[in-house]
Amino acid sequence: MSTETASAADRVAAPPPAGWEEARSRVYAVGLAAALPAVGRPLAEIDGHTLAEPLTTRTALPAFPTSSVDGWAVRGAGPWRVVGRVLAGSTPAPLAEDGTTVEIATGAMVPEGTTAVLRVEESSRTPDGRVAGTPRPAPEWREPGEEAYDGEELLPAGTPADPAVIGLAASCGHDTLPVRRQPRAALLVFGDELLTAGPPAAGRVRDALGPSVPAWLRRYGCVVRPSDVVGPVADTLPAHVAALRGALADADLVCTTGGTMHGPVDHLHPALEALGADYVVNTVAVRPGFPMLLARLVGADGRVRFVAGLPGNPQSAVVALVSLVAPLLAGLTGRPMPALPSATLAEPIRGRGGYMHLALVRLDRTAGTAHPVRHVGSAMLRGLAGADGFAVIRPGTSGEPGDRVPVVPLPLLPGERAW
């Protein structure tokens with residue numbers, strides 16, 4: 001029997017849903033096993049990428065003793081005879097005689113033979129032009145290797161490259177760094193009932209995921225071009241197979257919206273079967289977002305690609321993104337499994353029976369508290385627009401005020417630091 005003529009009984013057969021935590025671990029592991037190759041990139045181009053190798057110093061930091069103040073590099077006891085001047089960027093001659101000094105600028109190399117640096121604001125001049133004053137007991141310069149020794153590992157592989165990391169790499173003497181290639185992602189929008197412009201009308205609803213999912217994916221560090229967003233794809237099996245095959249030709253990850261169940265016009269599962277995909281996760285015991293999935297395909301070129309099936313309801317789709325896509329992309333880019341911060345519930349949040357409940361919350365970062373928001377139905381986006389993430393309420397429990405719970409943050413722009 002072909003997939004086009006499969007009976008309804010065949011179409012609804014499905015394995016039990018995976019636990020939410022198990023699903024996250026599983027997709028992270030398959031992502032890490034298929035980690036994207038390393039490429040060398042100039043420092044100016046690596047913001048938002050991931051270090052493919054540890055960041056090590058090419059020299060001691062600082063590489064030579066540098067003055068930390070404007071003043072006078074002196075030798076021996078004063079007052080001192082001025083014999084020169086040292087500016088940053090030059091190599092000074094040694095101070096060869098006691099009782100001599102050179103004017104020195106902040107950041108300049110300290111001359112060999114210097115016994116102290118006298119701050120300019122704490123110095124004076126004698127009638128015959130010599131420099132007088134009392135240097136502070138502590139050295140007023142930075143010693144070589146004070147920040148790092150030559151060859152020291154400063155950051156591990158898997159560290160996201162942000163402006164601070166880029167600056168550190170430059171200070172170490174790097175011009176380029178090996179980073180993981182950014183994942184290429186595509187989006188296929190399923191559903192004949194969707195409008196792509198104007199307000200909902202005549203039984204058809206506006207597609208909210210086609211414009212928004214690519215933006216979420218970019219915040220996870222993916223490259224998504226306008227041509228990588230396709231849809232609505234016709235509600236037929238041949239159209240689904242063709243759309244998936246076309247997207248998988250270039251993308252590392254193809255996200256789809258809708259069609260993750262087994263209804264009469266849900267063709268994602270038969271299409272994945274036709275393409276020879278293997279399920280990594282097929283439904284997850286979480287509400288909202290239960291019918292999410294992740295499938296793995298190996299192309300004729302041997303390259304591994306993934307399809308993330310996001311439910312059609314907008315909030316459920318975002319739950320699928322934070323639950324499956326975020327750990328997968330962390331693995332693909334060689335980053336650690338995303339750690340979940342925690343917050344204290346300020347108000348009660350009901351449980352969802354035997355399912356994990358991901359409840360939209362707004363965070364008070366000063367107080368460390370999480371506040372549930374309104375308008376949180378699976379088909380709603382109003383609550384999501386005012387939220388910072390999802391509080392994790394475990395199966396068989398409810399969240400009570402004062403409970404400390406994990407929070408799944410919504411993705412940040414590349415380079416931003418988590419709260």
Side-chain angles (χ1 to χ4, degrees), residues 21-58 151-170 172 174-186 214 216-224 228 248 250-255 278 280-281 294-299 301-308 320-341 408-418:
E21 290 163 312
E22 175 197 354
R24 292 181 78 237
S25 297
R26 199 185 297 173
V27 299
Y28 175 73
V30 298
L32 193 60
L36 298 173
V39 291
R41 290 282 186 269
L43 296 187
E45 298 178 10
I46 68 170
D47 188 25
H49 289 66
T50 306
L51 299 185
E53 297 177 6
L55 176 63
T56 58
T57 57
R58 298 186 63 193
E152 182 176 354
E153 180 177 320
L154 303 181
L155 295 169
T159 299
D162 62 12
V165 172
I166 293 169
L168 178 61
C172 295
H174 291 280
D175 303 312
T176 64
L177 284 179
V179 293
R180 295 287 178 187
R181 177 174 64 78
Q182 288 187 296
R184 174 85 177 273
W216 291 120
L217 292 171
R218 291 187 188 101
R219 279 163 171 73
Y220 282 126
C222 292
V223 175
V224 189
D228 295 324
L248 289 164
D250 295 319
D252 303 294
L253 167 67
V254 177
C255 291
D278 297 316
V280 179
V281 171
L294 185 80
R296 178 180 177 273
L297 303 93
V298 181
D301 57 1
R303 186 160 64 89
V304 177
R305 298 161 171 89
F306 296 93
V307 175
L321 282 170
V322 302
S323 298
L324 298 185
V325 173
L328 174 73
L329 292 173
L332 283 176
T333 54
R335 297 187 182 188
M337 176 72 161
L340 301 183
V408 185
L410 290 168
L412 302 168
L413 288 168
E416 289 184 313
R417 296 185 184 272

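For reference, positions follow the sequence shown, starting with 1.
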Can you see which heavy atom on [X] is nearest to which on [Y], and at what distance?
X      : Y      : value
Pro336 : Ala330 : O-CB, 3.7 Å
Ala251 : Arg303 : O-NH1, 3.9 Å
Pro156 : Leu51  : O-CD1, 4.1 Å
Pro338 : Pro327 : CD-CA, 4.2 Å
Cys172 : Leu154 : SG-CD1, 3.4 Å
Pro409 : Val322 : O-CG1, 4.3 Å

Quick one: are [X] and [Y] in side-chain contact, heavy atoms under 4.5 Å?
X      : Y      : result
Glu53  : Leu155 : no
Val27  : Phe306 : no
Leu217 : Cys255 : yes
Val408 : Leu340 : yes
Arg296 : Val298 : yes
Pro183 : Val223 : no
Val304 : Val30  : no

Nearest 0.5 Å please: distance from the [atom1] atom of [X] over to the [atom2] atom of [Y].
X      : Y      : atom1 : atom2 : answer
Tyr220 : Leu328 : OH    : CG    : 11.5 Å
Ser323 : Leu294 : OG    : CG    : 12.0 Å
Ile166 : Ile46  : CD1   : CD1   : 4.5 Å
Leu32  : Leu332 : CG    : CG    : 9.0 Å
Asp175 : Arg41  : CG    : CZ    : 15.5 Å
Gln182 : Leu36  : CD    : CG    : 10.0 Å

TODO: Indicate yes or no for a side-chain donor-acceptor contact from His174 to the backbone of Pro42 under 3.5 Å, with no hydrogens or angles considered.
DONE: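 It does not hold such a pair.
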TODO: Any side chain to side chain donor-acceptor pair (under 3.5 Å) involving residues 332-341? Give me the pairs, sequence neighbours left out, ordered by first then second residue.
DONE: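 Residue pairs with at least one partner in residues 332-341: Thr50-Arg335.
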Task: Partner set under salt bridge (charged side-chain N to carboxylate O under 4.0 Å, His left out) for Glu21, not counting sequence neighbours - done: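 Partners of Glu21 under the salt bridge (charged side-chain N to carboxylate O under 4.0 Å, His left out) test: Arg394.
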Task: Passing candidate, salt bridge (charged side-chain N to carboxylate O under 4.0 Å, His left out) with Asp252, options Arg181, Arg305, Arg184 - done: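 Filter result, single survivor: Arg181.
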Task: Arg58, CZ atom: more than 12 neighbouring heavy atoms under 6.0 Å - done: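 No, the 6.0 Å shell around CZ holds no more than 12 heavy atoms from other groups.
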- [ ] Would you check, one step at a time, whether the test side-chain contact (heavy atoms from CB on, under 4.5 Å) holds for Leu55 with Thr159?
- [x] CA-CA 9 Å; Leu55 176 63; Thr159 299; over 6 Å; no
Open item on the list: As a quick check of understanding, evaluate side-chain contact (heavy atoms from CB on, under 4.5 Å) for Asp250 and Asp228, giving each step before the final call.
Closed with: CA-CA 9 Å; Asp250 295 319; Asp228 295 324; 5.7 Å; no
